[in-house]
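Encoded as structure tokens, the structure appears first; notes follow it.
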Amino acid sequence: MEYAPRDIEPKWQSWWKANRTYEVSNNSSRPKYYILNMFPYPSGAGLHVGHPLGYIASDIVARYKRLKGFNVLNPMGYDSFGLPAEQYAIQTGIHPAISTEQNIRRYREQLDNIGFSFDWSREVRTSDPAFYRWTQWIFMRLFEHYYDLDAGKALPVERLVSVFAQKGNNGVRAVCDEDTPAFTAAEWKAMSAKEQQLLLLKYRLTFPEESFVNWCPALGTVLSNDEVKDGVSERGGYPVERKLMKQWSMRITAYADRLLEGLNEIDWPESIKEQQRNWIGRSQGASVRFAVDGYPDVFIEVFTTRVDTIYGATFMVLAPEHELVTRLTANAQRAEVDAYVKWATSRSEIERMAEAKKVTGANTGAFAVNPFNGAKIPIFIADYVLAGYGTGAVMAVPSGDQRDWNFATHFKLPIVPILDAQQDLDQAADATKDGRYINSGIINGMTYEEATPTLIRWLEEKGLGRGKVQYKLRNAVFSRQRYWGEPVPAYWKDDVPHLIDEKDLPLVLPEVDKYLPTETGEPPLARAEGWKYTPAGEEQSYEYELSTMPGWAGSSWYFYRYMDPHNEQAFCSPEAAQYWNSVDWYIGGSEHAVGHLLYSRFWNHFLHDLGLAPEREFAKKLTNQGMIQGRSSIVYRAKERFFEEYLWIKVLQPYFAEYHPLAIPASTLEESFTYDFAFETNDLVIEVVSWKNTDKIEAIRKSAEADGKRLLILFNEELADHINEHHVTAAKVRRALESRERFFMSEETPVSEQLFVSHNLTAKYSPDCFSRLHVDVSLVKDDYLNLEKAAKWPLLANGSFKVDADGHFTCSWEVEKMSKRFFNVVNPDDMVAEYGADCYRMYEMFLGPVEMSKPWDTKGITGVHGFLRRFWGLFVGENNAWLPNGEAPAADELRALHNCIKKVTDDIERFSMNTCVSHFMILTNELRALKCGKRAILEPAVILLAPFAPHLAEELWRRLGHETSVCDAAWPALNEEYLKTDTITYPIQINGKLRATIELPAGISAADAETAALALEQVQKWMDGKPARKVVFVPGRMINVVV
RNA sequence: GCGGGAAUGGCGGAAUGGUAGACGCGCUGGUCUCAAACACCAGUGACUGCAAGGUCAUGCGAGUUCGAGUCUCGCUUCCCGCACCA
């Protein structure tokens, strides 16, 4: 019987389901292993072949670990809150819960097709109230905690309240807002309850604050920076503006140092760690207060990472938005400064980026005083200084900073060297820290290492500055003015936010009539009628917080819910959390490098502080799967310019016979690379010209008139339009020939059919001749367009096709993101239907390393399919004969098997699935060559293959007579003894170049190997009579003779 | 500008300092077939040679080493992320 995946696969899929093969228990004597994929957002487009790449690789690891004796948690769920469902709801009125449910059902069908070992009894959905009650619960805990710097962890706000009552906030080392005032216990007690609450908000780990956000009026919502691309919303491309709104914020900055340190203890890709480090952006430096000449009460604080360069500061630059700009500007400079501020603030981010190299700025006319030497330095404003980073003011050191150097050069400001190692300061800044200081007062002659602490000590003694750590990391805005997200479990009473009672969780998303913001700009939840909270013991009801949580809320902790998915008492029981501990291996795309992966770490650190998460870091190991890109097919549509060839043959050639041309194009038309050409008879000139070439037309007209000839101008754009109706053109040419006048073919341009040209024919024409059109990849096979199918495809339907000499129509191709709009989406269902799930799984692995991005290309799939058939053929012969027999295996058969065991085991551990597939191919080829039908070899081979091709393995395993699933077999043990051979073929190098090989006994000594090697005639020849200076013998590897 | 990664036949890729190109695709030849497809067998980096063989080959240039695709330094190109971060 032939290998028939279509029969085998559905059979075992339903068996696994019926027998709950993939359900996993929290009680097991086996060691645990938790492997996790980033859960998908269930989009309406369904899965494409790129999505399952990581799922397949991790499924292989999960199945392998299970065979190795682990209790494996391999769950899957859905990140099911999100903007697309909401947008769809706005368009259609369909509740997002309904469309999301449909999308999930489709995802599930597609996933089930592929034969994953997910434990679906643990499925989670972030939009399920039973799930998001715990997202809300964690939010409440964040609200109730602050970050205590002495304890180095989050502590309850109640503790803070009692400390304040005892001694005020003096001496309290806690992370809080920059503008938190100092107060005594007495002052605290004198505050009203509301004042106290407002003050505590400055400490809470989540809190509402007025902040600038990316407000998108068209979507009626706030977007994250990630969601804004080039000044417009990523989705929909609507304009985005900066707007001050009251937003919930997460005090992630409290954890900046811990998030940085934690990176050292996890096995994550260096690129991700580096991105997180950059995102957190810790820089150590100093803050320095500069006095302002003539303003005794004004100080400008700057942050610098190079305080050692302070004697080289020859000017100061403020951000245009800096609060002191108006006050400090001298009257003489007022007009210039105002103009610059106005100009700078009106510029968009894009413009600022595009003109990054251009130096702009304005002089305020004021002077700052360098605290070290009293030097008066001019104060400028410039938009290269950002208001949002540091203090919005910098001391400019042109000798050490290139941007300052550019500015100084442009405005002719002095450039003072400060280190003797600085070079070529007339060419560029030199940021070196080498050498010794010059022109630098108290640090003259010192090195960098000595100078910095000296300066900071001086500043701290004088109270003019201090050592300071600055982060790029901002607190994370947590509110979204959207419907389809978790409601925030808080209500507003007297302008102060309060948490709802825990027993009222989950706070369920209310029904609304429309999913849009209200006319007054309030979030969609404002539409919910009677949606108010009545606290226990109160008569009055209060308005809930109307914004919802962002997409990353649910995904920041979901990995705990899989551990204990049905628990109604806790987000995860302590026992379950203790047992599963943390994710052993996390797999997903690198696009989440600083979003999801940073927020999850933050929440996990917080949950760890509360004793709810066993580990500080939630995922020990992370691997990024590459993106599978689409391979788009493209056809060329003739446009604007015309084929001379076509014009010649179909239209003009017939007239040449009658009109005896005097001049024809210099080159033969087929070879022509130009588009304008002409021919001339006794009394007629025909010119074919480009559309806009008016100068040329005028010149032709004049010369034709001078010669007394009639002129026919043909615009090749119009000819292109007439390409399939050449009789129209021909009629015009005839009319022109019969007429006595100049003739422009310009009136009536009927919309015509289009001409598509085989890619192979396009090479000799300029790309301008064509527009490129994406066509559906399902119409194309091996780059040949299926013309029958194409004729039915809307965008090609009325076209005519110019094919190659062999009758094929070739398409060109391009690697692009897999996307509906490129018509390059390949659906896994189609692959599974054609080749089977096992083949699809293995082929996707065989494409290349999982981590690498690569275009989807099915060219090689027949190789994998052939392999599976041959593997099957080792077991099932002609007429369904069962081949495995009980004979004892021979040494070479055992060697082949154990070689495969060794390599596959190693390669799964290092996630090298593509080489695993080739090891299986090698084993199969070897066993076929040996005509091996021995059960002792074939049965372990089935187990090895089971993680990759579970259906095929299950079928063969049962045919071998087993009652239980191959999933519960034991991974074959490697016996190194079988790998040993009696002799080894050694390569012999002379001076590192391969010159000969020699067969030597396996256990040979270095001396014997050397003797044997030197005795070889080939070796002697290459040594050319010279003595061997040295012989390197690497046992089992090679021999190198150095002469 | 900063950070990360990559570069190997016609193609995807293999090689964790030790015979570069495993495995697969494609291609060429052969067997089978009336024929095609499938299947099977053999060959397949380039140059050179009747052959044995030789020479050259892992983006470019140096270096370390008995030995470098692999390590180090310097370049080039491409991809990803961040981007005027003081």
Side-chain angles (χ1 to χ4, degrees), chain A residues 225 269-279 281-283 285 302-307 309 313 317 319 349 352-353 355-359 382-386 388-397 400-404 406-407 431 470-473 590-591 593-594 624 626-627 782 815 842-843 846-849 851-855 857-867 869-870 873 903 906 910 912 914-922 924-925 928 985-997 1018 1028-1034 1036-1043:
Chain A
N225 283 331
E270 201 46 49
S271 59
I272 297 284
K273 290 193 195 181
E274 199 55 36
Q275 281 178 56
Q276 295 210 349
R277 284 189 196 108
N278 286 342
W279 190 264
R282 183 183 205 273
S283 47
V302 304
F303 174 75
T304 175
T305 52
R306 287 293 303 272
V307 69
T309 65
V317 186
E349 284 294 311
R352 283 172 75 148
M353 271 155 63
E355 294 165 26
K357 298 283 173 291
K358 212 163 127 187
V359 177
D383 68 356
Y384 80 90
V385 175
L386 303 177
Y389 182 76
T391 58
V394 302
M395 61 176 215
V397 183
D401 183 286
Q402 191 58 45
R403 283 157 310 161
D404 295 345
N406 293 344
F407 196 87
Q470 183 81 34
Y471 298 95
K472 258 199 292 187
L473 186 71
S590 59
E591 65 272 23
V594 286
N624 291 126
M627 243 201 321
D782 297 334
V815 172
M842 290 195 88
Y843 181 61
F846 191 56
L847 274 177
E851 297 92 330
M852 207 179 271
S853 286
K854 57 226 157 209
D857 185 352
T858 52
K859 264 198 223 128
I861 199 167
T862 54
V864 175
H865 194 234
F867 151 72
R869 279 211 316 273
R870 285 190 282 272
K903 293 196 154 142
D906 286 353
R910 64 189 184 98
S912 176
N914 55 330
T915 52
C916 287
V917 178
S918 56
H919 298 319
F920 287 126
M921 290 172 168
I922 292 167
T924 305
N925 292 345
R928 274 163 57 84
T985 306
Y986 279 94
I988 302 178
Q989 298 176 345
I990 314 290
N991 289 339
K993 283 198 184 255
L994 178 73
R995 296 303 184 189
T997 56
Q1018 275 293 314
R1029 273 202 291 134
K1030 184 175 174 185
V1031 177
V1032 182
F1033 174 70
V1034 184
R1037 276 293 181 188
M1038 45 69 69
I1039 301 165
N1040 189 11
V1041 182
V1042 188
V1043 294

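Order of the sequence lines fixes the chain letters, A, B, ..., with proteins taken first and strands second; residue numbering starts at 1 for each chain.
- Looking only at distances, a side-chain donor or acceptor of A:K854 sits under 3.5 Å from a matching main-chain atom of A:P849.
- B:G13 and B:G61 have their P atoms separated by 25 Å, with the value rounded to a whole Å.
- Between A:N925 and A:R870, some side-chain heavy-atom pair lies under the 4.5 Å cut-off.
- Summarising the geometry, the separation between CE on A:M842 and P on B:C25 is reported as 14 Å, rounded to the nearest angstrom.
- You'll find that the side chain of A:R869 is closest to B:C38, out of B:C38, B:G18, B:C82.
- Comparing B:G59 with B:G49, their C1' atoms sit 31 Å apart, to the nearest whole Å.
- Across all strands, A:P269 comes closer than 4.0 Å to no nucleic acid atom at all (heavy-atom distances).
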#### Entry: Contact pattern, 5' to 3', of nucleotides 3-12 of chain B - B, S or - by protein heavy atom under 4.0 Å
SS-------B
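- With rounding to the nearest 0.5 Å, the separation of CZ in A:F846 from OG1 in A:T915 is 10.0 Å.
- B:U8 sits 15 Å from B:C79 when the P atoms are compared, rounded to a whole Å.
- For A:V1032, whose side chain is taken as the heavy atoms from C-beta onward, the closest listed nucleotide among B:A86, B:C23, B:C66 is B:C66.
- Applying the side chain to side chain donor-acceptor pair (under 3.5 Å) test to A:R1037 and every residue at least two apart in sequence or in another chain returns nothing.
- Note on A:M921: only backbone sugar-phosphate atoms sit closer than 4.0 angstrom, heavy atoms only; bases stay farther off.
- Taking atom CZ of residue A:R306 and atom P of nucleotide B:A86, one finds them 12 Å apart after rounding to whole Å.
- The residue A:N925 sits close only to the backbone: its heavy atoms come under 4.0 Å of sugar-phosphate atoms, none of a base.
- Among the heavy atoms of the strands lying under 4.0 Å from A:N1040 is at least one base atom, whether or not backbone atoms are also near.
- Within 6.0 Å of the NZ atom in A:K903, the count of heavy atoms belonging to other residues, nucleotides or ligands does not exceed 12.
- Atom C1' of nucleotide B:G1 and atom CG of A:D401 are separated by 11 Å, given to the nearest angstrom.
- Taking only side-chain atoms of A:R1037, from C-beta outward, the nucleotide of B:A14, B:U19, B:A86 with the closest atom is B:U19.
- Protein atom NE2 of A:H865 is 15 Å distant from nucleotide atom C1' of B:A37, rounded to whole Å.
- Atom CD1 of residue A:I988 and atom CG of residue A:L994 lie 9.0 Å apart, to the nearest 0.5 angstrom.
- At least one side-chain heavy atom of A:M395 sits under 4.5 Å from a side-chain heavy atom of A:T309.
- The nearest whole Å value for the distance from the CD atom in A:E851 to the P atom in B:U16 is 15 Å.
- Between A:F303 and A:T985, the residue anchored closer to the 5' end of RNA chain B is A:T985, taking for each the nucleotide with the nearest heavy atom.
- One interatomic measurement links the two molecules: OH of A:Y843 to C1' of B:G13, which rounds to 11 Å at whole-angstrom precision.
- The side chain of A:P987 has B:U19 as its nearest neighbour among B:U19, B:A22, B:C40.
- A:F920 has its CZ atom 17 Å from the C1' atom of B:A14, to the nearest Å.
- As rounded to the nearest Å, B:C71 and B:U58 have C1' atoms that lie 16 Å from one another.
- Listed candidates were B:C82, B:C66, B:G54. Nearest to the side chain of A:R995 is B:G54.
- Summarising the geometry, atom CE belonging to A:M852 is positioned 13.0 Å from atom CG belonging to A:N624; distances are rounded to the nearest 0.5 Å.
- The residue A:V1042 sits close only to the backbone: its heavy atoms come under 4.0 Å of sugar-phosphate atoms, none of a base.
- B:A20 sits 44 Å from B:U33 when the P atoms are compared, rounded to a whole Å.
- Applying the 4.0 Å criterion to OP1 and OP2 of B:A14, one finds that A:N914 has a side-chain N or O inside that range.
- Nucleotides B:C11 and B:G5 place their C1' atoms 22 Å apart, quoted to the nearest Å.
- You'll find a donor-acceptor pair under 3.5 Å spanning the side chain of A:R910 and the base of B:U16, going by distance alone.
- Here B:C40 is the nucleotide among B:C40, B:C23, B:G18 with the atom lying nearest to any side-chain atom of A:R928.
- Going from the C1' atom of B:G45 to that of B:C34 covers 40 Å, rounded to whole Å.
- Stem analysis of RNA chain B (Watson-Crick or G-U pairs, both distances under 3.5 Å, runs of at least three) returns B:1-7 with B:76-82, B:10-12 with B:23-25, B:26-31 with B:39-44, B:45-48 with B:53-56, B:59-63 with B:71-75.
- Between B:G10 and B:A46, the two C1' atoms lie 13 Å apart (nearest whole Å).
- If you take CZ on A:R869 and OG1 on A:T924, they are separated by 13.0 Å, rounding to the nearest 0.5 Å.
- Of the candidate nucleotides B:A22, B:A86, B:G13, B:A86 has the atom nearest to the side chain of A:V385.
- Residue A:K993 is classed as a sugar-phosphate contact, given heavy-atom separations below 4.0 Å to backbone atoms only.
- Between the CZ atom in A:R995 and the CD1 atom in A:I1039 there is a gap of 16.0 Å [rounded to 0.5 Å].
- For A:Y986 (side chain) and A:T997 (main-chain N/O), no donor-acceptor pair under 3.5 Å exists by modelled atom type.
- Look at B:G9: its glycosidic torsion is within 90° of 0, and that puts it in the syn range.
- When rounded to the nearest whole Å, the span between NZ of A:K472 and P of B:C2 equals 13 Å.
- The side chain of A:K1030 sits closest to B:C66 out of B:A14, B:C66, B:C23.
- Put simply, the side chain of A:V1041 reaches to within 4.5 Å of the side chain of A:I990, judged on heavy atoms.
- Between A:T915 and A:L994, it is A:T915 whose nearest contact on RNA chain B lies nearer the 5' terminus.
- Note that OG1 of A:T862 and CZ of A:F867 are 14.0 Å apart. Values are rounded to the nearest 0.5 Å.
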